[in-house]
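Letters A, B, ... mirror the listed sequences (proteins, then strands); counts begin at 1. Worth knowing before you read on, the calculation uses all heavy atoms, side chains too, and leaves out hydrogens, waters and symmetry mates.
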There are 2 protein chains.
Amino acid sequence: MPLTNPTATVRELIREHYATLTQSERKFANSLLENYPAAGLASITIVAENAGVSTPTVARMVQKLGFKGYPHFHKSLLKELQAKVSGPTQRRDNWVSDAPESHLLNRFSQAVTQNLSQTFSNVDTESFDRATRQLANTDGRLYVVGGRITRALADYAFTHFQAIRQRVTHMTSSSATWPHYVLDMVEGDTLVIFDVRRYETNLQNLAKLAAERGVVIVLITDQWASPVASEADYIFNCWVEIPSAWDSNISTMMLLEALIAATQEEKWPETRDRYERLDQLFDHTRLFRKFS
Amino acid sequence: MPLTNPTATVRELIREHYATLTQSERKFANSLLENYPAAGLASITIVAENAGVSTPTVARMVQKLGFKGYPHFHKSLLKELQAKVSGPTQRRDNWVSDAPESHLLNRFSQAVTQNLSQTFSNVDTESFDRATRQLANTDGRLYVVGGRITRALADYAFTHFQAIRQRVTHMTSSSATWPHYVLDMVEGDTLVIFDVRRYETNLQNLAKLAAERGVVIVLITDQWASPVASEADYIFNCWVEIPSAWDSNISTMMLLEALIAATQEEKWPETRDRYERLDQLFDHTRLFRKFS
DNA sequence: AAATCTCTGAAAATATATTGACACATTATC
DNA sequence: GATAATGTGTCAATATATTTTCAGAGATTT
């Protein structure tokens with residue numbers, strides 16, 4: 001029997017054919033509906049056993065539903081699951097309205113959306129929260145360092161963390177000077193390392209030296225993880241692939257900003273005070289226009 | 001190898017072991033994470049094929065994760081799925097899977113998505129394309145400058161543009177030195193200015209001086225537009241509001257990366273050549289690990 | 001109550017999945 | 001630049017899953 005409706009979900013197919021199902025076939029159908037779709041994603045043997053029926057019963061029933069055999073049924077269920085999970089991601093409301101789909105901006109936005117989504121869903125919340133508390137801890141110094149490309153992110157991090165808390169240091173990207181900083185690192189200090197591919201050997205050495213001195217290391221890296229990971233206490237992976245010769249750091253930036261926002265929230269009363277004083281200083285120097 | 005943590009989800013296990021995975025194992029890991037958990041619920045043959053690796057690779061990897069074999073891994077994934085579906089709330093969007101909706105990460109991600117979407121749909125494609133051609137034009141010099149916060153973005157832009165084309169200058173954020181640069185600016189040069197609130201008066205002065213000399217000005221600013229806009233030839237507005245005391249620069253970064261990507265595409269043959277030479281230089285200096 | 005029909009699961013036959021052994025290719029190391 | 005180490009896929013063996021066949025158990029009809 002061909003599929004009456006090739007786009008129907010298995011659930012719908014079962015409803016549709018329920019009347020023609022035999023007793024033990026219904027037993028399986030119920031078992032599947034009760035735990036949908038997981039109860040149909042194992043092997044026919046296991047699935048049958050869980051439903052309390054024999055394997056031929058299951059095989060016959062899926063054929064009744066219009067599938068060629070159990071594997072066909074299995075594949076169909078899987079596809080449904082896939083569609084459900086990737087549903088929101090596929091939603092492309094980020095298109096640039098007046099450009100064709102193939103315009104770079106649209107290709108780019110799609111890749112970026114994908115990356116952000118991946119990055120977000122791979123953050124371990126608990127780890128994030130603990131890292132935040134560590135970053136807010138002003139008992140120790142906070143060091144920030146980046147590589148060739150990520151230097152800019154380290155700089156951005158520095159600027160913001162400096163506004164939030166005291167005792168922040170940006171280690172310049174010239175690795176020759178790093179030992180000078182390490183000299184003063186003590187237990188309880190925090191070192192934020194940005195390292196995306198191509199990973200820099202110097203950063204790994206730095207991490208090792210810092211770890212030896214009891215410094216807590218927060219690593220922000222790409223999805224493949226820098227070798228620094230072996231020394232790091234907190235690791236955040238950012239998806240960075242875009243259709244281009246280099247890697248995107250938008251998700252890296254997002255993770256960084258999220259960390260900054262969380263740290264700020266953690267230290268709020270103190271931070272507000274700092275912001276106000278900073279504002280007064282700006283007013284005084286008249287370097288900036290008042291925002292209107 | 002025993003399971004280090006028998007209650008960990010497969011996703012967590014992958015994260016935990018990611019550093020020790022080999023290249024093609026990661027290929028599979030990524031494929032699974034991208035379509036989790038569906039991409040791991042078919043047979044090892046199909047799963048491997050979808051990820052573009054061989055079956056033994058998958059088998060070896062799941063053993064690394066601590067499973068006895070592929071069937072064990074499969075069963076584990078299934079159990080997760082079952083637990084999740086039968087859980088209280090079924091709604092899990094793309095956002096952080098294991099965090100409550102009110103967690104900062106989720107609030108943050110929502111705001112960021114909103115900003116990116118706004119920014120994208122407000123880009124004028126034609127203007128974008130023309131700006132790209134301007135940025136790719138090596139007849140004139142390309143100057144990049146930013147403000148207090150956006151200095152980091154200017155730096156990022158500089159690093160990338162320098163890889164793509166010749167004749168790029170990053171004007172340091174110390175405004176005292178800007179007149180020196182202006183001295184050499186001529187018609188046909190390009191000046192990329194980053195200015196988000198609070199807008200800096202010096203940048204406006206700089207823009208005026210540059211515009212007088214016939215320099216094409218590309219402005220990347222926020223949704224309210226910096227006063228530099230009146231001097232600028234190309235204006236890109238980025239949505240920057242997040243629930244925090246400061247502004248987010250993720251959409252700014254995205255727009256910048258899009259411009260870089262487009263410029264690179266515009267000049268592709270030349271750029272590829274530059275990248276290759278850059279790679280050789282890196283190989284030579286051995287400052288970086290080869291990506292694996 | 002006998003005959004027939006339908007349903008069901010046991011078991012064999014067949015197809016497919018999984019794993020292990022090996023050889024080649026690639027990458028690190030000296 | 002040679003050598004060792006590691007990673008990867010092909011292939012074969014083994015195990016497991018799937019389907020088919022078939023005989024017996026119930027239900028239904030005559």
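- Going from atom OH of Tyr156(A) over to atom CZ of Phe194(A) covers 11.0 Å, rounded to the nearest 0.5 Å.
- In this structure, CD of Gln63(B) is placed 10 Å from C1' of dT18(C), rounded to the nearest angstrom.
- Rounded to the nearest 0.5 angstrom, Leu77(B) CG and His72(B) NE2 are separated by 11.0 Å.
- Following rounding to the nearest Å, His72(B) (NE2) and dT16(D) (P) show an atom-to-atom distance of 15 Å.
- Both Thr20(B) and Pro56(B) lie near DNA chain D, and the one whose nearest nucleotide falls closer to the 5' end is Thr20(B).
- For the pair Arg11(B) and Tyr36(B), the cation-pi criterion (under 6.0 Å, within 45° of the ring axis) is fulfilled.
- The side chain of Ile46(B) lies closest to dA17(C), out of dT18(D), dT19(C), dA17(C).
- Listed pair Ser24(A) / dT8(C) meets the phosphate criterion, a side-chain N or O lying under 4.0 Å from OP1 or OP2.
- dT19(C) atom P lies 10 Å from atom OH of Tyr70(B), rounded to whole Å.
- Across the protein-nucleic acid pair, Gln23(B) atom CD and dT8(D) atom C1' stand 10 Å apart, rounded to whole Å.
- For Thr57(B), whose side chain is taken as the heavy atoms from C-beta onward, the closest listed nucleotide among dG9(D), dT18(D), dT19(C) is dG9(D).
- The shortest distance between the side-chain N/O atoms of Ser43(A) and the OP1/OP2 oxygens of dT16(D) is not below 4.0 Å.
- The interatomic distance linking Lys75(A) (NZ) with dT18(D) (P) rounds to 14 Å, in whole Å.
- Regarding contacts with the backbone of dG9(D), a side-chain N or O of Ser54(B) is found under 4.0 angstrom from either OP1 or OP2.
- With rounding to whole Å, Ile44(A) atom CD1 is found 11 Å from dA17(D) atom P.
- Residues Tyr70(B) and Gly40(B) approach most closely at OH-O, 3.3 Å, considering heavy atoms.
- One interatomic measurement links the two molecules: NZ of Lys27(B) to C1' of dG7(D), which rounds to 13 Å at whole-angstrom precision.
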Throw together a table of side-chain donor-acceptor distances under 3.5 angstrom for residues 228-245 of chain A, partners on residues two or more places apart or in other chains.
| unit_1 | atom_1 | unit_2 | atom_2 | d |
| --- | --- | --- | --- | --- |
| Ser230(A) | OG | Pro227(A) | O | 3.0 |
| Asp233(A) | OD2 | Ile217(A) | N | 2.8 |
| Asn237(A) | ND2 | Asp222(A) | O | 3.0 |
| Ser244(A) | OG | Trp246(A) | N | 3.0 |
| Ser244(A) | OG | Trp246(A) | O | 3.2 |
| Ser244(A) | OG | Trp246(A) | NE1 | 3.1 |

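- Counting to the nearest Å, the C1' atom of dT18(C) and the NZ atom of Lys68(B) are 13 Å from each other.
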